[in-house]
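Below: the structure, in structure tokens.
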Amino acid sequence: MIIYKTKNYTDMSRKAANIISAQVTMKPDCVLGLATGSSPLGTYEQLIDWYKKGDLDFAKVSSVNLDEYRGLSPEHEQSYRYFMNTNFFDHINIDKSRTFVPDGLASDVAKFCKDYDRLIEELGGVDLQLLGLGRNGHIGFNEPSYVFERDTHCVDLTPSTIHANKRFFNSEEDVPRQALTMGIKNIMMAKKIVVVVSGEDKAEALKEVVSGPITPMVPGSVLQLHPDVMIIADEAALSKM
Ligand code: GLP
């Protein structure tokens with residue numbers, strides 16, 4: 001596990017974008033595992049900027065997203081599909097038919113989850129997985145639990161996550177109670193993992209992830225077992241270490 005300390009959110013985003021752009025340049029048909037939330041937003045902005053300057057080409061890239069709220073349509077402004085389209089895909093030359101986000105409206109959830117696992121396999125696995133970190137140590141929507149869920153699954157969101165994510169909705173009642181998420185095995189199978197963490201409110205979780213015991217109660221702690229993880233965190237996020 002490599003920890004790269006940056007001064008602030010902007011530097012963190014530029015560093016992460018640098019690694020993703022190196023990946024896309026070295027393997028133009030790579031598979032990117034992508035994340036939503038405020039943490040990767042600056043990374044996407046930087047990548048869009050470099051794309052517009054002609055430095056990057058996403059034409060052959062495929063992507064699979066970590067998670068999606070259950071019950072939200074792709075058009076819903078708080079759905080992760082909408083987030084990805086408006087904050088990234090609409091601004092680069094990626095082929096949208098090769099961008100995959102879990103279907104929040106899937107009626108047969110068990111089948112959908114199996115199909116999503118198969119899709120990742122058929123794509124040849126994820127070359128680079130970008131991750132944010134939840135305030136309770138979650139990755140994707142793998143919430144603290146007694147076991148590590150391996151595969152894509154439906155999860156009940158914890159009160160702390162519902163509370164943390166209410167800032168994106170009109171009220172806490174509007175936050176969906178469930179989500180579909182890649183499992184820990186899906187994430188750990190990625191060849192390379194880049195985690196972006198910013199702000200003091202993540203400091204405790206980051207400390208647990210990096211130096212606490214490996215436990216499903218802190219899902220991100222499993223990353224200690226991955227052979228190629230880079231955590232890019234700003235000073236505030238690293239303030240407890
Ligand atoms: C959300 C997402 C995660 C994200 C995390 C942190 O609930 N499911 O993928 O990493 O919470 O979000 P943020 O980056 O906005 O703090």
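Indexing begins at 1, ligand by ligand and atom by atom, following the structure's order.
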Nearest non-hydrogen protein atom, [atom]:
| atom | value |
| --- | --- |
| atom 2 (C) of ligand 1 | Y80 OH, 3.7 Å |
| atom 6 (C) of ligand 1 | L133 O, 3.6 Å |
| atom 4 (C) of ligand 1 | T36 O, 4.0 Å |
| atom 8 (N) of ligand 1 | D67 OD2, 2.9 Å |
| atom 16 (O) of ligand 1 | K202 NZ, 2.7 Å |

Name each donor-acceptor pair under 3.5 Å that joins a side chain in residues 54-61 to protein atoms two or more places apart or in another chain, with its distance.
| residue | atom | partner | partner atom | Å |
| --- | --- | --- | --- | --- |
| D57 | OD1 | A59 | N | 3.0 |
| D57 | OD1 | N93 | ND2 | 2.6 |

(request) Only heavy atoms count here, so choose which of A205, G37, G140, P40 is nearest to atom 3 (C) of ligand 1. (result)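 It is G140 that holds the nearest heavy atom.
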(request) Would you indicate which of R135, H138, R167 comes nearest to atom 11 (O) of ligand 1 when only heavy atoms are counted? (result)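 Minimum heavy-atom distance to atom 11 (O) of ligand 1 goes to H138.
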(message) Can you name the atoms of ligand 1, numbered from 1 with element, that are less than 4.0 Å from a heavy atom of G132?
(response)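 What qualifies from ligand 1 is 10 (O).
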(message) Out of all atoms in ligand 1, which are within 4.0 Å of some heavy atom of F141? Include the element for each.
(response)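 Near F141, meaning under 4.0 Å from one of its heavy atoms, ligand 1 has 7 (O), 8 (N).
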(request) Output yes when the distance from some N or O of ligand 1 to some N or O of S39 is under 3.5 Å, and no in every other case. (result)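 N/O-N/O distance under 3.5 Å: yes.
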(request) Taking atom OH of Y4 as the centre, report whether more than 12 heavy atoms of other residues, nucleotides or ligands fall under 6.0 Å from it. (result)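 Count not over threshold, so no.
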Ignoring hydrogens and angles, state whether a donor on the side chain of [X] or [Y] is under 3.5 Å from an acceptor on the partner side chain.
| X | Y | result |
| --- | --- | --- |
| T181 | H153 | no |
| R81 | N85 | yes |
| T6 | D234 | no |

(message) Can you give me the closest heavy-atom contact between T99 and K96, atom names plus distance?
(response)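 Minimum heavy-atom contact is OG1-O, 2.8 Å.
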(request) Output the distance between atom CZ (R118) and atom CG (L123), rounded to the nearest 0.5 Å. (result)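 Result: 12.5 Å between the selected atoms.
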